[in-house]
Number of protein chains: 2
Amino acid sequence: MKFLEEIHQESLSLDHKNLEPDDENAKRSSCPVEAALKVIGGRWKVLILRELFGGIKRFGQLHRALHGITQKMLTQQLRELERDGLVDRHVYMQVPPKVEYSLTPLGKTLEPVLNSLHDWSTKYLTRS
Amino acid sequence: MKFLEEIHQESLSLDHKNLEPDDENAKRSSCPVEAALKVIGGRWKVLILRELFGGIKRFGQLHRALHGITQKMLTQQLRELERDGLVDRHVYMQVPPKVEYSLTPLGKTLEPVLNSLHDWSTKYLTRS
DNA sequence: CAGTATCCTCATGGATACTG
DNA sequence: CAGTATCCATGAGGATACTG
């Protein structure tokens with residue numbers, strides 16, 4: 001279980017020794033899981049990704065599919081997903097404008113992760 | 001891929017019809033993945049869980065292990081984890097107080113999920 | 001159509017002090 | 001030791017209006 005590997009360099013040393021002064025809790029996520037959650041966290045990311053797993057979508061399609069999201073949030077979240085390399089943005093130079101969003105290869109690698117979350121949730125979080 | 005199953009009942013109907021008035025985007029997460037992220041989301045949850053995967057821990061141990069967390073946040077996050085059934089809280093009736101936290105069986109079922117997030121992050125999110 | 005540009009609210013998260 | 005109790009900053013998220 002790789003999730004636990006890092007425990008034993010951080011917390012083991014803290015269990016018998018007392019607090020250490022090498023504490024520079026600056027920017028680096030002490031844990032890869034944290035980093036992953038930053039990328040797919042937030043209120044809309046996974047919902048957007050879910051839509052895109054269904055194929056290429058235009059901005060308006062996403063806007064309608066995600067009931068309640070505002071244009072600002074949709075744009076913003078899409079930009080973040082784009083910046084993180086999960087989503088590809090294709091602008092057609094025409095008028096009226098047409099912009100299509102799709103998953104990048106990297107974005108598609110998220111599938112097992114999202115399935116894992118999905119499975120756990122449906123299996124164990126069945127208290128609505 | 002179970003993650004995609006629900007797409008085809010929500011977005012398919014929205015793709016050819018136009019917006020529907022049955023839009024009651026109230027409380028229910030439209031997606032189990034969302035629900036899962038609510039439980040393990042936030043800044044500290046996974047870090048706390050990571051510590052507890054290492055075994056039973058006292059409040060003070062957690063407080064020291066999670067550099068930078070405040071007592072308030074630690075208490076709050078632990079209560080939420082407890083309310084969600086992931087963490088068990090055992091109070092020893094003695095003075096000075098002693099409280100131990102541990103993973104419940106449900107909490108332990110999160111291991112594959114966290115491993116999945118961890119694996120993805122280390123494999124594909126290697127841009128520090 | 002697919003955005004910007006403002007302005008605004010409020011929950012998340014935090015600092016500090018006190019206590020059974 | 002393991003908390004409460006306050007007060008406070010910040011920013012994520014949203015409403016609304018305007019535009020290339």
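Numbered from 1 within each chain, the chains take letters A, B, ... in sequence-line order.
Distance CG (A:Leu66) to C1' (C:dA2): 15 Å, rounded to an integer number of Å. Remark: P of C:dG13 and CD of A:Glu34 are 12 Å apart, rounded to the nearest angstrom. Here C:dT16 presents its P atom at 16 Å from CD1 of B:Ile69, a figure rounded to the nearest Å. A straight line from CG of A:Leu78 to P of C:dT4 spans 11 Å, rounded to a whole angstrom. Whole-Å rounding puts the A:Arg58 CZ to C:dG3 P distance at 10 Å. Following rounding to the nearest Å, A:Leu37 (CG) and C:dT12 (P) show an atom-to-atom distance of 16 Å. For B:Arg64 and D:dG3, the CZ to P distance is 13 Å, given to the nearest whole Å. One atom, CD of B:Glu82, and another, P of D:dA2, lie 15 Å apart when rounded to the nearest Å.
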Show me the donor-acceptor pairs within less than 3.5 Å that the side chains of residues 95-104 of chain A make with the rest of the protein, sequence neighbours left out.
residue	atom	partner	partner atom	Å
A:Glu100	OE1	A:Tyr92	OH	2.9
A:Tyr101	OH	A:Arg89	NE	3.1
A:Thr104	OG1	A:Gly85	O	2.6
A:Thr104	OG1	A:Leu86	O	3.1
A:Thr104	OG1	A:Leu106	N	3.4
A:Thr104	OG1	A:Gly107	N	3.0

(message) Would A:Leu66 and A:Glu51 count as a side-chain contact (heavy atoms from CB on, under 4.5 Å) here? Give the steps.
(response) CA-CA 9 Å; A:Leu66 301 166; A:Glu51 292 302 319; 4.1 Å; yes
(message) Applying side-chain contact (heavy atoms from CB on, under 4.5 Å) to B:Leu78 and B:Leu62, what does each step give before you reach the verdict?
(response) CA-CA 10 Å; B:Leu78 282 169; B:Leu62 292 172; 4.1 Å; yes
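To the nearest 0.5 angstrom, B:Leu117 atom CG is 9.0 Å from A:Leu110 atom CG.
Residues B:Val39 and B:Lys45 come closest through the heavy atom pair O-NZ, 3.3 Å. Residues B:Ile56 and B:Gln61 come closest through the heavy atom pair O-OE1, 4.2 Å. The shortest non-hydrogen separation linking A:Pro112 to A:Lys108 is CD-O, 4.4 Å. The shortest heavy-atom contact between B:His67 and B:Trp44 is O-CH2, 3.9 Å.
Contact between the side-chain N/O atoms of A:Tyr101 and the OP1/OP2 oxygens of C:dC1 is not found at any separation under 4.0 Å. Distances shown here put a side-chain N or O of A:Arg79 below 4.0 Å from the OP1 or OP2 atom of C:dT4.
Partners of B:Gln77 under the side-chain hydrogen bond (donor to acceptor under 3.5 Å, both in side chains) rule, at least two apart in sequence or in another chain, do not exist in this structure. Residues passing the salt bridge (Lys or Arg N to Asp or Glu O under 4.0 Å) test with B:Arg43: none are found, sequence neighbours excluded.
For DNA chain D, the residues of residues 88-100 of chain B within the heavy-atom distance limit of 4.0 Å (strictly under) are B:Arg89, B:Pro96, B:Pro97, B:Lys98, B:Val99, sorted by number.
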(message) Walk along nucleotides 7-13 of chain D from 5' to 3' and tag each nucleotide B, S or - by protein heavy-atom contact under 4.0 Å, base first, then sugar-phosphate.
(response) ------B
(message) Both atom distances under 3.5 Å, Watson-Crick or G-U wobble: I'd like the secondary structure of DNA chain D as a dot-bracket string, with | for pairs made across strands.
(response) ||||||||||||||||||||
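Counting only heavy atoms from C-beta on, B:Gln71 has its side chain closest to D:dA2 among D:dA2, C:dG3, D:dG14.
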